[in-house]
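Hydrogens, waters and symmetry mates play no part in the numbers below; they use all other heavy atoms, side chains included. Just so you know, these numbers come straight off a predicted model, no measurement behind them. Naming convention: chains lettered A, B, ... in sequence-line order (proteins, then strands); numbering from 1 in each chain.
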Amino acid sequence: MPVRRPNSSALVLSLLAAAVLPGCDDEPPPPVVANDQAQPDPGEALRPASERGTVPEDAHVVDYVIQARLDADAHRIEATETITWTNRSRKAVSSIPMHLYLNAFRANDTAWMRDGRLTSRTAAQGGDHPWGYIDVKSVARQVQTQGSEARPVPLSFAERDEPSLMDVELDEPAEPGQTVTLQLSFVTQLPRVFARSGYSGDFHMVAQWFPKPGVLDPDGQWHAHPFTFHSEFFADFGDYEVQLDVPYTMTVGATGVRSDAYTDGERRVLTYRAAMVHDFAWVAAIDLVEQRQEYDGISIRQLIPRARVQDGGLHLEMAAATLKHMEARFSPYPWSTLTIIHPPPHARGAGGMEYPTLFTTADKRTPPPLGSAVDFEERFSGRYVTTHELGHQWFQGLMASNEFDQPWLDEGLNSFSNLMVYFDHFADDTIAGEDVWVGTLAGNRFTMGDGMRLRSFTAIADVSDKTAADFSPVHGQYGRATYLRTASWMATLRAIAGRTRFDAAMRTYADRFRFRHPTGVDLEDLLVETLGRQVPLSEPDAQGKAVALDVRDFLHQALRSTAQVDFAVDGIEIVPNMAEPAAGFHRVDGELKGGDPAERPSRRALAEAPDDTVTSLIGLRRKGEFKVPVVVAFHTTDGVERRVWDGRARTITVELVGRRVQSVVIDPDGDLYLEGTRGNNTAFSRGYVPDRDLSTTVGQATQAAALAVMGGLGP
Amino acid sequence: MNDLLRSTLDALVAAGQRVLGAPILFVGTAIAQWAAAWLVAAPVLVAVTAATEGFAPGTRPAAYERILAVVAELVLAEPSVAAVLLASLGVTAMTSAVLWTLLSGGVIARFWLAADDRPSLEAVGGLWLRRFPSVTVQSLWHFGLRAVVMLAATTAAANLPEVLFWPVIVITLLLCIVALDVVRAGAVRGHGQPFHPRTTWRAFAVALRTPTLALPAALLAAAGLTCSGATVLMALWTLGDPTWLWGARGLSAVTLALGLARVAFVTHHPSLAGLDREEAPSKEAASD
């Protein structure tokens, strides 16, 4: 799914982070070729087995053969479709639920429209042809008996009350292992694009445009959900052969490889084949320029508006980098092609969306005036969208989780993988460990980690592990809970449990669930299995207690609670060491003895006392509800001591006898990506507070701004 | 062309000398601006201190190296800090615009009367007060006309090639600044109809028609705006470095000097008589 548009606060951060401006790509754009496809696609839709890895045969459930004709003036597609579906469950099936996703835009009382209220992303529904739909004209089962020609048997079918679903009643049950061939004819009317699919001018983004069966699990349970505002898609893998009949002047990009093309008068007929994918999307438009690049045998084709051609190189570079690092981390990309679409500005509602072997991206932002004077640079806009949408080829193009039931499983894991791609791609230019900058302003850098932590401020109202339909757009929590919180907890768990071990665990997840439908439980069980239920984080102390991370508990808090991570240093006190013997009365031989007054040194005397005569008392507090072990660094006059706090108690007091603490830093390595408030993680002992504190800095900057204002409005 | 350059340089040198000849005005104003900036920043300082001390009682977190993230976190945690900052700067802008409108007559009177010798405070004050109504009214007319001119320029520039947009806007703004100086100086010197908007309009015409006036004044205005921008850049580039503040103060003093020099230059320019239909009154008459 699309990258969430930043809210206003995020936008401010974006500028700081910018959440976003032009890149530092000075290389010339790749060569521009003619309007139609200038180079042939690879012969096969899948890469060679030695490069793509194994494709499990039992994952192959449904094949499609579609003939579609686009009326570009009416923005309408007339099509026939043959679906060959195999019952891979243990039960017989008498009806097949089918998705008619585009019917979500048929009227304003559909489930999608009730939530969306006629708007989505940056666009609003409107203009000519505002409505979109799939009008199924006929459904038949192809029956072939021995010695006779195949004949169609008409089947009854009916839309549900929620028209994004219909049920096809089979004339006889499909037994386990039996293959059923259905023939459909239908008309698809594209809406003016405002939510992924549709047209704008001569640009046609054709997605979710054909009837498609739900997913039948091995127990015979169908998974076919109504299309709601936040829900996306879920389907079985199979092969596609799609013939597209479009006006001759149009450039076409589509899922899979182009296997045939010919001209028929004013029309162009193109045939595409795709293998082991779970959807098919295509674009047809005038004046899209084609750019090409190859990465490790994968043919990358980019279709970009002529006015943005100069940005093409940036996206191709990022696509190649993303392929490289995603393959290294999450198993090989199995398909032979990748198509990148840049919707024109008037069709932004189509941007930032993934389909198998094809995705739409977003443009790099134009740098602000005089940006270079303040060293304003960013490598987020455009680049990140390309990385994000390409990352979806794994989550959920390959690991095809149910986006309706558990949207965090694809959006969150993908967002985490995007972070990893940035870490890997910009590894030569890191800040604070492996973190990398995405924005600079006057020599100050803003990192991916900064952005992730800061946005954690707002992820507080809803849990991640719930269905897409349970997120109301009114609360604005969907993106925060699914994309951000998931990526944040994964990055946190990786940092705490060990980066190498976690990366290995995620590779195991990818290898195990390629071409499968993994669930959240699958991921949780795998993490516990590979990381271990308890991850030791410290050596046993004098009492034999060691701090360990309870992985199951961590996952439970991360996924099924709104608990926030927030630790704070409550205070630091320097006191004299306890005298020997202690002052006061003590019982000796049955009698109270002593009672001499204790010495109470002044603050100055304490400050000047030898370090080994004082004790440092440090109060640490867990302000957030999230319980997670954390490293605390105690900077003393004789060095730095790091301890792991299990982070479970509300408060603890650390006593360092004979040592003078200068400062205390909680989570010094920035491992807790879930922690939004880091300002309270650092505290200084009296006498060691640095001159450059935040209030002075902001106050001085305000003075400068005021002087500039007065100068500008002066005499 | 050489004559124009020579006369421009001569005029600028003379304007600089007039600023140096008014040390109390210059130094006093500069110090007043520094004090005002300190006052403006005080509520922000207090707000940030309060916000950050709330994080960890008795301690203050450092502005460590990734200052952008620190500031962003502060604003997210305490949005009121950003509100205080913006409000302070907004008040600064409004107060500055109003004060300069009220005080500009006095500054012009100071430079006009200093043509021959050091003027008395009474003479400057007297002229300022006598011309105060007309200077204020003409300033208000000017701001209204400036809004129209800037809107027209922006609209026109939007239809030009992109590369010309900002140059057109900046040149128009500089012209407006010079026209404001002309109409105020004219009001103090007694040129033009004191309260009629036609005088404001004529000031634009005078500025446009007189390169020996417009060019040096616009250069001084551009230099002043550049210094103001440089103050912001310096703040950004040295964020968190406690030693840079004096640099910003120094730049603001240079900005002030350039502005005063521009006013002095325009005040003594002979083209101000163009605001009149009749013969311009003599200096003695104006200073009566």
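There is a side-chain donor-acceptor pair under 3.5 Å between A:Q703 and B:R249. Looking at A:S685 and A:R660, their side chains never bring a donor and an acceptor atom within 3.5 Å of each other. A:N444 and A:D375 share no donor-acceptor pair across their side chains, judged by distance under 3.5 Å alone.
Only the side chain of B:V44 comes within contact range of chain A, judged by heavy atoms closer than 4.5 Å. Residue contact with chain B, scored on non-hydrogen atoms closer than 4.5 Å, involves the side chain of A:D435 exclusively. Interface remark: B:W166 contributes side-chain atoms only to the contact with chain A (heavy atom separation under 4.5 Å). At a 4.5 Å heavy-atom cutoff, the contact between B:L236 and chain A is made by backbone and side-chain atoms alike. For a residue to count as touching a neighbouring chain, one of its non-hydrogen atoms must lie under 4.5 Å from one of that chain's; by this rule B:L225 touches chain A with the side chain only.
Of the listed residues A:V374, A:V698, A:L707, the one with more heavy-atom pairs under 4.5 angstrom with chain B than any other is A:L707. No other option in B:A36, B:S88, B:S96 has as many heavy-atom pairs under 4.5 Å with chain A as B:S96. Among B:T255, B:V40, B:T92, the residue with the largest count of heavy-atom pairs under 4.5 Å with chain A is B:T92. No other option in A:G443, A:A706, A:G676, A:G699 has as many heavy-atom pairs under 4.5 Å with chain B as A:A706.
Residues B:W34 and B:W246 bring their aromatic ring centres within 6.0 Å. For an aromatic pair to be called close, the ring centres must be under 6.0 Å apart, and A:Y422 with A:F426 satisfies this.
Within a 6.0 Å radius of CZ in A:R650, other residues, nucleotides and ligands contribute more than 12 heavy atoms. No more than 12 heavy-atom neighbours from other residues, nucleotides or ligands sit within 6.0 angstrom of CE on B:M94.
The main-chain N or O of A:W437 is found under 3.5 Å from a side-chain atom of A:R379 such that the two form a donor-acceptor pair.
Residue-level contacts of residues 23-31 of chain B with chain A do not occur; threshold 4.5 Å between heavy atoms.
The line from CZ of A:F380 to CZ of A:R365 is 9.0 Å long, rounded to the nearest 0.5 Å.
Taking B:W38 as the reference, nothing meets the side-chain hydrogen bond (donor to acceptor under 3.5 Å, both in side chains) condition, with sequence neighbours excluded.
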